[in-house]
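Report on one structure; see the data block that follows.
Predicted, not measured: the structure shown is a model, and the values here were computed from it.
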Amino acid sequence: MEYRKWMEYLGTSAGQDLLTQLYGAGQAAGALERYGQLMQQHVQRTGAQEIRLFSASGRTEVSGNHTDHNHGLVLAAGVTVDTLAVVSPRMDHIINVVSEGFPEAFEISLDALEVDEKAFGTTQAILRGIARNLCDQGFTLGGFDATVASSVPVGSGLSSSAAFEVLIVEIMNQLFCDGKIDGIARAQIGQYAENVYFGKPSGLMDQMACSLASMSLIDFEDPQKPKVERIAYDLEKAGYALVVVATGGDHADLTDAYAAIPQDMKAAANFMGKDFLRQVAVADFMAAIPQMREKIGERPILRALHFFDENARVLRQAQALRKGDVQTFLSLVIASGQSSWRLLQNCVVPGRLEQGLPLALALSERYLRPVGGAWRVHGGGFAGTIQAFVPLDEVEGYIAAMSEVFGPHSCTRLGVRNLGAMELKAEA
């Protein structure tokens, strides 16, 4: 559809309803302006007459901190910030992506999709990995131009990278695969590109939450066939807002710290004769701790204990949400955060004076405990963000207090988005 017709449609009641579903009440007008600017940029850059629109949400991990890579349980949700793309097909084999905030285009040829270790950590590697996976599945791909903008704050723990990955998969899915790639497969393709082509060892949770959106209980016991239960729960109707606070921590040189968590958990599982902690019986593990301590040390044991406790906690939280028991849910959010801090040990980087996460958690506890809120580390940890569940009448005060310490743009208020990665369609 042409740019002019898209603008007309998005201004109708049906278009406004769609934008409200994507971004929440009161945000449709700002979203329309954002779409208009991005479509203009794309048309000016490419000269395309017919354009298509795609969106993939960021995600928040509600519980299940660092459990997915050991086949655990996660409670996650898509949120009302997203990565948006304006797309038009090309007649050659070139994929060209221009992303807001980056001076040069990311470009690859579909004729050169081999793994290149020199390209680890680049956007081109993600594009190649996704294309390679789809080609290996028998799909015939073509080139396209995409102009991309993201409202997912980089470094926020809301998975801007996973949102981009599943967005690109969905673009190729709709342009070249007849929409045959489902939400779970979409996430798995994104993870493949990240693991094999980008060079980052990661679980599947980020991509799953961005791909599927909504509040979801995800069971990774079989990562090839994860089980998903969507849980309908309106947090704001229960009287709470979800806020993430970016502490401004530096993620540089943290790859080893992140990688050490699954490595430690694997060491504990291997000691028990298993590949993953999900395969280990808790009672057997507890009995083996004296011998394990001598062989592999204490940290793998502590991180394994976090895994076992967190798995059980996720199930209890999901049950609390099903029952509408928000107080039990919030108490378990706090317990999850305490476990990440004490057992998982992903709130402080050893040897660094920088301790933004513990400071944000301590300040949040002082503010929220008296008013009935909850707080925890968010995402991978070590640096980055915390997550807070804040009573609605305390949101402005909490954001003001945290912004005074961490900066005027450190806090992001979120809603849960119930639409997964998608191509926007204009109703007839």
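- Among residues at least two apart or in separate chains, side chain to side chain donor-acceptor pair (under 3.5 Å) pairs with a member in residues 366-376 are Glu61-Arg376, Ser336-Arg376, Glu365-Arg369, Tyr367-Glu394.
- Ring planes of Phe106 and Phe102: perpendicular class, angle over 60° (limits at 30 and 60°).
- Distance alone, capped at 3.5 Å, places no donor-acceptor pair between the Tyr35 side chain and the Leu84 backbone.
- A donor-acceptor pair under 3.5 Å is absent between the side-chain atoms of Glu229 and the main chain of Leu217, judged by distance alone.
- Two residues are said to be in side-chain contact when any heavy atoms from C-beta on lie closer than 4.5 Å; Gln44 and Thr147 fail this criterion.
- Here Pro223 pairs with His71 under the side chain to side chain contact (heavy atoms under 4.5 Å, CB included) rule; sequence neighbours left out.
- We find that Arg34 and Glu100 are not joined by a salt bridge, their nearest charged nitrogen and carboxylate oxygen being 4.0 Å or further apart.
- Just one of Leu134, Asn133, Leu127 meets the side-chain contact (heavy atoms from CB on, under 4.5 Å) condition when paired with Ile130; it is Leu134.
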side-chain hydrogen bond (donor to acceptor under 3.5 Å, both in side chains) assessment of Asn96 paired with Arg45: CA-CA 11 Å; Asn96 180 279; Arg45 179 173 77 87; 2.7 Å; yes
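- For Tyr258 (side chain) and Gly381 (main-chain N/O), a donor-acceptor pair under 3.5 Å exists by modelled atom type.
- Applying the side chain to side chain contact (heavy atoms under 4.5 Å, CB included) rule to Ser339 yields the partners His306, Arg313, Leu343; only residues at least two apart in sequence or on another chain are considered.
- Without hydrogens or angle criteria, Asn173 side chain to Ile181 main chain gives a donor-acceptor distance under 3.5 Å.
- Residues passing the side chain to side chain donor-acceptor pair (under 3.5 Å) test with Ser214 are Ser216, sequence neighbours excluded.
- Applying the side-chain contact (heavy atoms from CB on, under 4.5 Å) test between Phe220 and each of Met208, Lys225, Lys227 identifies Met208 as the sole match.
- Using a cutoff of 4.0 Å between basic side-chain nitrogens and carboxylate oxygens, Lys425 and Glu423 are scored as salt-bridged.
- Just one of Val74, Val314, Ile218 meets the side-chain contact (heavy atoms from CB on, under 4.5 Å) condition when paired with Thr67; it is Val74.
- A side chain to side chain donor-acceptor pair (under 3.5 Å) check over residues 279-295, counting only residues at least two apart or in different chains, returns the pairs Arg293-Glu298.
- The side chain to side chain donor-acceptor pair (under 3.5 Å) contacts involving residues 179-190 comprise Glu170-Arg186, Arg186-Ser211, where partners must be two or more places apart or lie in separate chains.
- A donor-acceptor contact shorter than 3.5 Å links the side chain of Gln16 to the backbone of Leu10.
- Checked by atom type and distance alone, the side chain of Ser410 never pairs as donor or acceptor with a backbone atom of Thr247 at under 3.5 Å.
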